[in-house]
Structures are given as C-alpha cells and as structure tokens.
Amino acid sequence: MNVRRLAALPLLAVLLAGCGIRATEVPTDAGAAPSKVLCSLAEPDVSTQASRGLPVQVFLLCGSSLVAVDRTVRVPDGTADSQRRVLVAQGLLDQLAATPSAAEKEAGYTTDVRGGMNVSGPRHGDPEDTLRLSSPPEDLTSYALAQVVCTFSGSAAAEGDGSVILGGPGKEPLRRYECTDEVRSRPGTEQPPSGQVTGG
C-alpha cells in the first residue's frame, strides 16, 4: 500500500503544478493607465502672452505647495516707475484672486486669495517700495499670505531682492516678508519670515 502512495506522488505533483494562471497567447486589454498629472501644465506660448501684456508669474496652490504659473498683466506704456510697481502689484493680486482656468483646475491648481482686495503705494513716511493692501496682511490665511508674498517678491512690484514690504490700510507696522523654499513647499504651516520695517 505504501508503494501505491509513492507511485501517486509524481502524478499529484504534475496536477498541482498545473494550478494557477496560465500564460495566454491572446492579447488582453486592461485599459490605459491613469494619465492625470497633477501640478503640470502645457508650456504657454510666451510670444502670444507678451502681446497681451507683461509676462509675469503668480504662485497658485497645488497639492500642499505653491507652484508658479505664467500669466500676463497689462501696464500702459510710459507709466512712471512708482505707479508701474503698484499697477503690476494690482494685476498680480487680480490674477491670484481669479478662478483658475479649466486646465489649471484639471491639473489640481487652486487659490486661497479672495477677490476685492486692492493695492496702493507708500504713504508719506513709508519706504518707497512699500505696498499697502486694503486688508491687513495678518488677516489673510497662511496660504493666501504665502501666495501674495511669493508672487510679489519675485516680480516687478518688488525691489528684486526676494522680499516685499507690505502693510495694511491702518496704522499697523509695516513688515518686510520673504518667500523661502520652506514657504513654497509648506504654505499652510510655514509662515513667510518677516521683520518690522521703520519709516523710509
């Protein structure tokens, strides 16, 4: 009887080896892999953008970080430098508050900057590169403040040193804000570094 069992073992091994998924010669189609790429847009035509205004970059939210997006701002030719800075800043602010385009929404872009905010230049006694918002900067959400600071600090609205002096409509002290890598990567938890500014 033990001999019979031993003789059946090779047959059992062959049967067990056949269990499982067999290779097939017939092509199968499980569908395309997901193709949605977050935080990535097609490159815009810069020459077309330039014909519509001054090419600029604004920082929108995508995922949990800030990502630069190309836009344009209209500034009339012959505008004085001091007024030009304010017009650029207002244009940037308007672009930040605008609803992202369909392509931007599809790619995951959003904004936390609300419409209706205005920018003005320095008051008497302010440093000449001051930008005053119609809402105090400290009243903005951390995301909105990071968007504004990073957008302004790298634009013609600022002095070009990676920082921007912001104030509100009241008598609150002016502050010089900086856009850092940490702010761009974690705008919800990383506040833009700032320091109080004395009069100019």
Side-chain angles (χ1 to χ4, degrees), residues 44 46 49-61 65-98 100 111-200:
V46 177
Q49 275 194 336
S51 68
R52 293 183 299 210
L54 177 69
V56 295
Q57 287 192 320
V58 297
F59 281 88
L60 296 181
L61 297 164
S65 61
L66 295 180
V67 180
V69 175
D70 294 318
R71 298 282 174 86
T72 57
V73 171
R74 288 207 172 273
V75 178
D77 289 337
T79 305
D81 284 347
S82 60
Q83 188 59 29
R84 182 181 177 84
R85 283 184 40 261
V86 174
L87 289 174
V88 169
Q90 185 63 56
L92 291 168
L93 197 56
D94 292 344
Q95 290 292 325
L96 285 172
T111 185
D112 214 41
V113 177
R114 302 295 162 238
M117 196 167 17
N118 295 312
V119 182
S120 61
R123 291 184 189 157
H124 180 70
D126 288 349
E128 67 179 17
D129 55 342
T130 299
L131 295 171
R132 287 191 171 268
L133 304 176
S134 58
S135 297
E138 59 272 10
D139 288 355
L140 300 177
T141 66
S142 61
Y143 290 106
L145 180 61
Q147 283 183 264
V148 170
V149 167
C150 288
T151 297
F152 283 3
S153 66
S155 75
E159 289 298 306
D161 64 355
S163 69
V164 62
I165 297 174
L166 295 177
K171 296 183 179 181
E172 302 88 2
L174 299 172
R175 299 192 73 79
R176 181 179 294 276
Y177 293 90
E178 292 180 50
C179 179
T180 63
D181 290 341
E182 291 78 16
V183 172
R184 284 188 292 272
S185 62
R186 294 186 303 281
T189 57
E190 198 69 36
Q191 288 287 326
S194 68
Q196 189 169 325
V197 175
T198 55

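In terms of the side-chain contact (heavy atoms from CB on, under 4.5 Å) criterion, residue partners of Thr130 (sequence neighbours excluded) are, by chain and number, Pro122, Asp126, Pro127, Arg132, Ile165, Leu174. Shown here are the side-chain contact (heavy atoms from CB on, under 4.5 Å) partners of Ala144, two or more places apart in sequence or in another chain: Asp112, Val113, Leu140, Thr141. Considering only residues two or more places apart in sequence or on other chains, Gln83 meets the side chain to side chain donor-acceptor pair (under 3.5 Å) condition with none of them. Under the side-chain contact (heavy atoms from CB on, under 4.5 Å) criterion, Asp94 pairs with Gln90, sequence neighbours left out.
A distance-only check finds a donor-acceptor pair linking the side chain of Ser142 to the backbone of Gly188 [under 3.5 Å]. Between the side chain of Arg74 and the backbone N or O of Gly91, no donor-acceptor pair lies under 3.5 Å. Not one N or O on the side chain of Thr151 forms a donor-acceptor pair closer than 3.5 Å with the backbone of Val148. The closest donor-acceptor contact from the side chain of Thr111 to the backbone of Leu96 lies under 3.5 Å.
To the nearest 0.5 Å, the span separating CD on Gln95 from CZ on Arg71 amounts to 5.0 Å. With rounding to the nearest 0.5 Å, the separation of CZ in Arg186 from CG in Asp181 is 10.0 Å. The line from OG of Ser194 to CG of Leu145 is 8.0 Å long, rounded to the nearest 0.5 Å. The CG atom of Leu166 lies 11.0 Å from the CZ atom of Arg175; values are rounded to the nearest 0.5 Å.
Nearest heavy-atom pair, Pro187 versus Ser65, reported as atom, atom and distance to 0.1 Å: CD-CA, 3.8 Å. Counting all heavy atoms, side chain and backbone alike, Leu92 lies closest to Val73 at N-CG2, 4.0 Å. Heavy atoms only, all atoms of each residue included: Pro137 and Gly168 are closest at CD-N, 3.8 Å. Of all heavy-atom pairs between Leu131 and Ala157, the closest is CD1-O, 3.7 Å. Considering every non-hydrogen atom in both Phe59 and Gln147, the closest pair reads O-NE2, 3.0 Å. Nearest heavy atoms, Leu66 versus Val183: CD1-O, 4.3 Å.
Within the structure, the salt bridge (Lys or Arg N to Asp or Glu O under 4.0 Å) test picks out the following pairs touching residues 160-174 (sequence neighbours left out): Asp161-Arg176. Within the structure, the disulfide (SG to SG under 2.5 Å) test picks out the following pairs touching residues 114-177 (sequence neighbours left out): Cys150-Cys179.
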*Could you please spell out the steps behind the side chain to side chain contact (heavy atoms under 4.5 Å, CB included) verdict for Leu133 and Asn118?*
CA-CA 6 Å; Leu133 304 176; Asn118 295 312; over 6 Å; no
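Residue Arg184 qualifies as enclosed at atom CZ: its count of foreign heavy atoms under 6.0 Å is above 12.
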